[in-house]
Amino acid sequence: MADLLLPTIIVLASGRGDRFRASGGSGAKLQALLAGKPVLAHTLAAVQASGLPWHLEDAGHPGMGDSIAAAVRHTAEANGWLILPGDLPLVQPATLRQVAAALGGAIQAAQPHYRGERGHPVGFARECRDGLLALEGNKGAAPVLQALRAVDAVADIAVDDIGVVTDIDTVEALARAEALLQLRLNPS
């Protein structure tokens, strides 16, 4: 099966969205409407359009590291993973494929950058499985990525996709994403 050769996108949707509510938002940020659809629906549409296998992790874990570890356990046979927070509704399917394609050989991780700002998804090769399974707490996969940077095993990928750095943490960020999406849909 061809999917066994591709990394799996892990969509993280377990967060509580405290910053979103603190900024004046009501309800869960992933269910907040963006152009009439929930934020998470936009993210999942891009994931599905990428053609890569994917897994939605929404079980309500205590921290991002716990969510990543649970998702990797659930997809243990994957040929690597792209860690994508569910609150990045503008990420492009081509960017997901580009990060996936960068993995292999000496490259154990790949991270997109938009105009010098690091973003998501961060891709990890299958060899990172044990490190990802050991994650817990709120730091996500940062410790694994830092260790790989120390041995020059990370590909930094410049992308022309503002979606890799457009996360919805506040009501203001949601409004900014709405404006960016309108520009994308109506580029005149």
Side-chain angles (χ1 to χ4, degrees), residues 7-68 70-71 81-102 110-124 138-142 145 156-188:
T8 295
I9 301 170
I10 293 173
V11 181
L12 300 175
S14 297
R16 295 185 309 261
D18 293 337
R19 284 182 285 175
F20 184 74
R21 280 191 295 284
S23 75
S26 60
K29 69 178 178 179
L30 295 180
Q31 296 308 314
L33 294 182
L34 175 64
K37 292 186 341 190
V39 166
L40 184 59
H42 286 276
T43 306
L44 292 176
V47 166
Q48 291 166 346
S50 77
L52 295 168
W54 60 279
H55 169 76
L56 177 65
E57 188 59 40
D58 61 354
H61 302 282
M64 187 182 289
D66 305 284
S67 294
I68 294 168
W81 299 270
L82 273 63
I83 310 300
L84 179 65
D87 68 346
L88 274 86
L90 302 184
V91 69
Q92 297 287 311
T95 300
L96 300 171
R97 290 188 296 270
Q98 192 174 356
V99 172
Q111 185 170 28
H113 294 245
Y114 176 76
R115 298 185 180 174
E117 185 179 350
R118 291 178 176 167
H120 285 89
V122 178
F124 293 94
N138 291 323
K139 289 188 178 179
L145 189 60
D156 289 307
I157 305 166
V159 297
D160 187 24
D161 180 359
I162 197 169
V164 302
V165 296
T166 305
D167 58 336
I168 309 302
D169 284 333
T170 64
V171 172
E172 293 79 18
L174 181 63
R176 187 171 58 251
E178 182 83 36
L180 289 168
L181 184 59
Q182 290 309 314
L183 281 173
R184 183 183 289 170
L185 297 174
N186 304 306
S188 57

(Q) Once rounded to the nearest 0.5 Å, what's the spacing between atom CG of D167 and atom CG of L88? (A) 5.5 Å
Q) Rounded to the nearest 0.5 Å, how far does CD1 of I83 lie from CD1 of I68? A) 4.5 Å
Q: Work out which heavy atom in L145 is nearest to a heavy atom in Q111; give both atom names and the distance.
A: CD2-OE1, 3.5 Å
(Q) Does any part of the side chain of P53, heavy atoms only, come nearer than 4.5 Å to the side chain of I9, both counted from C-beta? (A) no
Q | Non-hydrogen atoms of A100 and P7 that approach each other most closely | A | CB-CG, 3.5 Å
Q: Quick one: pull up NE2 in H55 and CD1 in I10 and give me the separation to the nearest 0.5 Å.
A: 6.5 Å
Q.
If you compare all heavy atoms of L12 against all heavy atoms of M64, which two are closest, and at what distance to 0.1 Å?
A. CD1-CG, 3.7 Å
Q) So, E178 side chain and A35 main chain: donor-acceptor pair closer than 3.5 Å or not? A) yes
Q: State, to 0.1 Å, how close Q98 and A158 come at their nearest heavy-atom pair, and which atoms those are.
A: NE2-O, 4.1 Å
Q) For the atom pair OG1 (T170) and CZ (R176), what is the distance rounded to the nearest 0.5 Å? A) 6.5 Å
Q: Could you point out which residue of L44, T43, D58, L40 forms a side chain to side chain contact (heavy atoms under 4.5 Å, CB included) with L30?
A: L40
Q. Which heavy atom in A13 sits nearest to a heavy atom in L56, and how many Å separate them?
A. CB-CD1, 3.7 Å
Q.
Nearest 0.5 angstrom please: D156 CG to R118 CZ, how far?
A. 6.0 Å
Q) Stepwise, does the side chain to side chain contact (heavy atoms under 4.5 Å, CB included) test hold for L181 with H42? A) CA-CA 10 Å; L181 184 59; H42 286 276; 3.8 Å; yes
Q) Quick one: does D66's side chain have a donor or acceptor within less than 3.5 Å of a partner on H61's backbone? A) no
Q. Is any side-chain heavy atom of Y114 closer than 4.5 Å to a side-chain heavy atom of D160?
A. yes
Q: To the nearest 0.5 Å, tell me how far L52 CG sits from L96 CG.
A: 6.5 Å
Q) Any chance CZ of R19 has more than 12 other-residue heavy atoms, nucleotides or ligands included, within less than 6.0 Å? A) no
Q) Would F20 and V171 satisfy side chain to side chain contact (heavy atoms under 4.5 Å, CB included), going step by step from the backbone distance to the final call? A) CA-CA 6 Å; F20 184 74; V171 172; 4.2 Å; yes
Q.
For a quick test of reading the model, state the closest non-hydrogen atom pair linking P89 to T166 and the distance between them.
A. CD-O, 3.8 Å
